[in-house]
Amino acid sequence: MSDAKIPNVVVVGTGFGGLETAFYLRKRLGKRVQVTVVSASEEFLFKPNTIYIPFGKPPEAFVYELRGVFAKRHIPFVHAAAEHVDPKRKTLTAGGKEIPYDYLVLATGAAMRPDEIPGLSANANTIWSPEEMLRLRASFDDLLKRAKAGKPSRVRFLVPPNNKCSGPLYEMVMMLDSWLTKKGARAQVDIGYLTYEKGYIQAFGPRLNDFVMEEFARRRIAGQKGAIVERVDPGMIRLKDGTSEPFDVLVSFPPYVAATRFEGLASDARGFLLTDPKTRQLQGQPDIYAVGDGGDFPVKQAFLALLQADAAAEHLSERILGEETTAAFDPVSMCIMEQFDKATFAQVPLRLTGNPEMPVAVREDAPGMYRVGSGAVWRIGKKMLGAAIPARFMNGQPFHAGPTWAVMEAGVNVMAAVFSE
Ligand SMILES: Cc1cc2nc3c(=O)[nH]c(=O)nc-3n(C[C@H](O)[C@H](O)[C@H](O)COP(=O)(O)OP(=O)(O)OC[C@H]3O[C@@H](n4cnc5c(N)ncnc54)[C@H](O)[C@@H]3O)c2cc1C
């Protein structure tokens with residue numbers, strides 16, 4: 001299969017990390033590389049926008065079929081789940097077949113492990129997949145019916161330890177508040193938010209914490225930080241400090257693990273692949289890279305997956321071309337949080353702390369880069385990202401390259417300068 005002169009790169013996964021890597025390599029190296037994509041899914045799911053499903057958007061709106069795109073970019077596609085990597089023989093086993101590689105990029109993402117908290121699966125609505133978002137829609141519709149009939153309800157949101165991307169649950173609680181207010185049903189619903197975090201959206205530093213505190217006060221959402229769940233009984237959250245919190249509807253974002261554990265490759269207890277923080281090369285295996293949620297960067301985010309993919313693909317390109325390697329992952333997170341009545345933008349330069357309780361902190365050496373802004377205008381930014389990323393991928397192009405990104409980056413910078421501080 002592989003041409004002896006042309007390096008053969010196998011990319012595993014068709015999420016943000018996998019697609020960005022494959023299309024970046026094709027764009028940067030053209031015919032000087034052979035790229036094969038292996039994935040358990042033939043589709044790309046734009047997960048960030050699945051937050052709209054509980055409020056009525058159809059799941060199909062966020063799913064994109066990929067086969068035609070790979071054909072267009074001359075990227076063979078293998079629809080199979082990767083099972084095993086043999087770094088000595090340089091083969092990947094997927095769907096029972098061995099696939100040889102010169103370089104391997106693993107972008108297999110994360111999975112949820114709700115069973116880590118006894119009773120969570122049985123008693124909570126969880127957010128992760130479109131199916132779970134549809135179940136949450138049924139719960140919210142029920143809540144609305146009860147409120148319209150004058151019956152009170154208690155809704156609680158819960159972030160347990162080892163959830164690695166709490167932002168979406170903050171979006172959900174504020175979207176629910178706005179949605180119920182618009183429907184004239186908010187007064188009947190008591191909303192509370194419990195998180196193990198020491199600060200709200202802890203990973204994004206003090207300014208996001210202050211923003212959430214103000215929003216919770218304005219929206220009459222009762223927040224509790226440092227609330228560590230021990231178990232969930234029917235209608236009751238039991239916390240480690242011995243207190244309990246009753247609920248009628250519970251919404252939680254469960255603890256994270258790696259979607260696929262690769263036996264024999266360097267990984268932590270949750271299966272996340274251990275990498276060089278800059279190049280994303282696997283520890284002890286320089287020809288294998290890990291990007292996105294499946295790697296060991298402690299914050300799991302699509303934007304960070306894209307940045308890691310760009311760094312890994314550029315590093316690999318430099319090696320293939322025999323250039324000096326300079327590419328490095330710079331963890332500057334960016335997100336836009338939906339709230340329906342407005343949205344909040346955050347750009348956060350991060351550094352690793354080595355402290356498992358608080359594994360990242362806002363970088364002190366880049367104060368001008370830590371920006372937060374809030375307002376209705378940011379909803380336009382959210383819509384733009386939701387359209388631009390799938391459009392780039394459906395055209396077989398990496399997101400962070402080329403004119404679309406340059407225009408968007410300039411736009412975001414202008415908006416950040418004018419509408420954030
Ligand atoms: C509700 C929600 C809202 C979110 N909102 C945001 C947001 O606003 N901004 C943001 O930046 N991030 C957001 N995120 C996080 C973001 O979706 C993830 O960080 C992102 O999807 C990670 O990309 P990835 O490529 O690493 O993994 P994924 O997107 O999960 O892709 C993994 C891919 O690997 C494939 N795969 C898995 N195992 C195997 C295997 N063994 N063999 C072959 N293929 C395999 C899967 O089929 C999939 O194609 C949100 C997440 C959720 C759940």
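Counting from 1, the numbers follow the sequence of the chain as shown. Start at 1 and go down the list; that is how both ligands and their atoms are numbered.
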message = I need the nearest protein heavy-atom contact for atom 46 (C) of ligand 1: residue, atom name and distance, please.
response = Ser39 OG, 4.3 Å
inquiry  = Out of all atoms in ligand 1, which are within 4.0 Å of some heavy atom of Ala107? Include the element for each.
reply    = 32 (C), 33 (C), 34 (O)
ask   = ligand 1 versus Met133, non-hydrogen atoms closer than 4.0 Å: side chain, backbone, both, neither?
value = side chain
message = Does the structure place the NZ or CZ of Lys225 under 6.0 Å from the centre of the six-membered ring of Tyr200, at an angle of no more than 45° from the ring's axis?
response = yes
note = protein heavy-atom neighbour closest to atom 13 (C) of ligand 1 works out as Pro48 CG, 3.8 Å
query = Nearest to atom 29 (O) of ligand 1, what protein heavy atom do you find, and at what distance?
reply = Gly15 CA, 3.5 Å
query = For ligand 1, is there an atom lying under 4.0 Å from some heavy atom of Lys382?
reply = yes
message = If we count only N and O atoms by modelled type, under 3.5 Å, do the side chains of Thr344 and Gln339 hold a donor and an acceptor together?
response = yes
key: Proximity of Leu304 to ligand 1 by residue part, where a heavy atom lies under 4.0 Å   = neither
inquiry  = Between Arg351 and Asp330, does any side-chain N to carboxylate O distance fall below 4.0 Å?
reply    = no
key: Any N/O pair Gly13/ligand 1 closer than 3.5 Å   = no
ask   = Is it true that the side chains of Thr14 and Ser39 contain a donor and an acceptor less than 3.5 Å apart?
value = yes
task = Please determine if Lys47 has a nitrogen or oxygen closer than 3.5 Å to a nitrogen or oxygen of ligand 1.
result = yes
task = Mind telling me whether Phe46 and Phe44 have parallel, tilted or perpendicular rings, with 30° and 60° as the class edges?
result = perpendicular
inquiry  = Under a 3.5 Å cutoff, is there a donor and acceptor pairing between the side chains of Glu132 and Ser129?
reply    = yes
ask   = Parallel, tilted or perpendicular for Tyr52 and Phe340, by the 30°/60° rule?
value = tilted
query = Between the side chains of Thr126 and Arg135, is a donor N or O closer than 3.5 angstrom to an acceptor N or O?
reply = no
request  = Would you kindly specify which portion of Ala80 sits under 4.0 Å from ligand 1, judged on non-hydrogen atoms: side chain, backbone, both or neither?
outcome  = backbone
ask   = Among Phe247, Phe253, Tyr170, which residue meets the ring pair (Phe, Tyr, Trp, His ring centres under 6.0 Å) test with Tyr193?
value = Tyr170
task = Please write down residue, atom name and distance for the protein heavy atom closest to atom 3 (C) of ligand 1.
result = Pro168 CG, 3.3 Å
query = What are the atoms of ligand 1, with element, lying closer than 4.0 Å to any heavy atom of Phe303?
reply = 11 (O)
request  = Using a strict cut-off of 4.0 Å, indicate which atoms of ligand 1 neighbour a heavy atom of Phe253.
outcome  = 53 (C)
Per-atom contacts, ligand 1 versus Val12 - under 4.0 Å to a heavy atom = 42 (N), 43 (C)
inquiry  = Give me the residue, atom name and distance of the protein heavy atom closest to atom 26 (O) of ligand 1.
reply    = Asp293 N, 2.8 Å
query = When you measure from atom 47 (O) of ligand 1 to each heavy atom in Pro54, Ser41, Ala82, which option holds the nearest one?
reply = Ser41
request  = Return the residue, atom name and 0.1 Å-rounded distance of the protein heavy atom closest to atom 27 (O) of ligand 1.
outcome  = Gly109 CA, 3.5 Å
message = Counting only nitrogen or oxygen atoms and a 3.5 angstrom limit, does Cys165 reach ligand 1?
response = no
request  = Determine the interplanar angle of the Phe70 and Phe77 rings, folded into 0 to 90°, and report it as parallel if under 30°, tilted if 30 to 60°, perpendicular if over 60°.
outcome  = parallel
query = Any chance the side chains of His400 and Tyr24 put a donor and an acceptor closer than 3.5 Å?
reply = no
ask   = Going by an N to O cut-off under 4.0 Å, is there a salt bridge joining Glu215 and Arg220?
value = no
message = For atom 10 (C) of ligand 1, what is the closest protein heavy atom, and at what distance to 0.1 Å?
response = Ala302 N, 3.4 Å
ask   = Relative to ligand 1, is Thr50 under 4.0 angstrom through side chain, backbone, both or neither, heavy atoms considered?
value = side chain
task = Taking only Lys NZ, Arg NE, NH1 and NH2, and the carboxylate oxygens of Asp or Glu, determine whether Arg67 and Glu43 approach each other closer than 4.0 Å.
result = no
message = Looking only at distances, can you tell me whether any N or O atom of Thr14, backbone or side chain, sits closer than 3.5 Å to an N or O atom of ligand 1?
response = yes
Nearest protein heavy atom with distance in Å, relative to atom 25 (O) of ligand 1 = Gly17 N, 2.8 Å
message = Nearest non-hydrogen contact with atom 23 (O) of ligand 1 belongs to which option: Tyr256, Phe16, Trp128?
response = Phe16
key: Atoms in ligand 1 flagged as close to Ala81, the criterion being non-hydrogen separation under 4.0 Å   = 42 (N), 43 (C)
request  = Check each heavy atom of Gln301 against ligand 1 and say whether those closer than 4.0 Å belong to the side chain, the backbone, both or neither.
outcome  = both
request  = Please determine if Lys382 and Glu171 form a salt bridge, counting it only when a charged side-chain N lies under 4.0 Å from a carboxylate O.
outcome  = yes
